[in-house]
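Here the structure is a predicted model, which means the values were calculated and not measured.
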Amino acid sequence: MSIYKRTELVHPLAPENEYVEKFSQSLNHIPKLRYSLGYDHQKRELCVSFLEAVGCPLTKEEEPGSHRYIGGTLTSNGGQTEAQTSLMNRTPHTVWDEALLFPLSEEERVEAELTLTLRHCDRYSRHQVAGEITLSLANLGVPFGAARWVGL
């Protein structure tokens, strides 16, 4: 008979949960943006909807009253058009129940580029870019209407 009691190491996370936790933690450091593109042929406009952002938690130096928003810039042969979402309180997961609309003809759509920028601002109106992505509408691999997550 042994005087030592056998103890087992108990891991609180199963391997599959460990991956989920690490993935969740990585979201806190790399901002990700979800969007969906649509095109209205009658109105001749590009619609960016289902806007959602995760990542970029507040640091200790940042104000709890800071906000975030998404700015969009459409560049085509017809010029440049900008739109932005409303300001939302900055949280680890933000959803905008709105869409960005850009006038765009069928002819211009082939050459157009869309830039989506996730920005943060504080109560002193200091704006910081958290991440940005530029999409060529001519080479868009995702069909219109499909939602997509991208790292910024």
Side-chain angles (χ1 to χ4, degrees), residues 13-152:
L13 297 175
E16 60 273 10
N17 292 340
E18 204 171 322
Y19 171 77
V20 171
E21 182 180 336
K22 286 180 183 175
F23 178 74
S24 297
Q25 289 172 352
S26 73
L27 289 177
N28 292 333
H29 303 291
I30 301 170
K32 294 191 183 293
L33 179 69
R34 179 178 180 241
Y35 69 92
S36 176
L37 298 179
Y39 185 75
D40 188 328
H41 294 278
Q42 289 182 335
K43 293 182 180 179
R44 297 170 61 126
E45 67 183 8
L46 178 70
C47 174
V48 184
S49 58
F50 299 112
L51 294 164
E52 189 172 352
V54 294
C56 295
L58 289 172
T59 63
K60 291 180 182 177
E61 299 82 35
E62 292 178 298
E63 301 268 337
S66 67
H67 295 85
R68 63 171 36 166
Y69 65 97
I70 297 173
T73 304
L74 180 71
T75 306
S76 67
N77 292 338
Q80 198 172 47
T81 308
E82 294 183 353
Q84 78 175 44
T85 63
S86 58
L87 293 174
M88 299 287 283
N89 286 335
R90 188 166 165 195
T91 61
H93 181 203
T94 308
V95 178
W96 287 267
D97 190 22
E98 57 192 282
L100 303 178
L101 302 174
F102 300 94
L104 182 68
S105 69
E106 286 280 342
E107 299 79 30
E108 292 173 327
R109 193 171 86 166
V110 177
E111 300 291 325
E113 280 190 347
L114 175 67
T115 301
L116 297 173
T117 307
L118 177 63
R119 295 181 186 198
H120 302 225
C121 62
D122 60 18
R123 65 180 175 177
Y124 303 109
S125 297
R126 290 181 288 213
H127 297 256
Q128 298 175 348
V129 173
E132 185 172 86
I133 185 167
T134 299
L135 309 166
S136 169
L137 298 185
N139 300 324
L140 195 63
V142 177
F144 281 100
R148 178 179 182 190
W149 281 100
V150 293
L152 300 178

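The minimum heavy-atom distance linking Phe50 with Ser36 is given by the pair CD1-CB, 3.4 Å. In terms of heavy-atom proximity, Tyr69 sits nearest to Trp96 at CA-CZ2, 3.6 Å. The two residues Leu137 and Leu37 come nearest to each other via the heavy atoms CD2-CD1, 4.0 Å. Shown here for Thr94 and Asn89, the closest heavy-atom pair between the two residues is OG1-O, 4.0 Å. In this structure, His120 and Ala130 approach most closely via the heavy-atom pair NE2-CB, 3.0 Å. Counting all heavy atoms, side chain and backbone alike, Leu152 lies closest to Glu132 at CB-N, 3.8 Å.
No donor-acceptor pair closer than 3.5 Å links the side chain of Arg109 to the backbone N or O of Leu104. A donor-acceptor pair is defined here as one N or O able to donate and one able to accept, closer than 3.5 Å; such a pair exists between the side chain of Glu108 and the backbone of Gly78.
Residues Leu116 and Val150 fail the side-chain proximity criterion, which asks for heavy atoms closer than 4.5 Å. Proximity of Val54 to Trp149: side-chain heavy atoms (C-beta onward) are separated by under 4.5 Å at one or more points. Residues Pro103 and Thr81 form a side-chain contact, since some pair of their non-hydrogen atoms from C-beta on lies under 4.5 Å apart.
Atom OG of residue Ser76 and atom CG of residue Leu114 lie 11.0 Å apart, to the nearest 0.5 angstrom. Expressed to the nearest 0.5 Å, how far OH of Tyr39 lies from CZ of Arg44 amounts to 6.0 Å. Note: Thr117 OG1 to Glu82 CD = 9.0 Å, rounded to the nearest 0.5 Å. Of the inter-residue distances, the one linking Leu33 atom CG with Arg148 atom CZ reads 10.5 Å to the nearest 0.5 angstrom. Here OG1 of Thr115 is found 8.0 Å from CD of Gln80. Values are rounded to the nearest 0.5 Å. Here CG of Leu101 is found 11.5 Å from CG of Leu74. Values are rounded to the nearest 0.5 Å.
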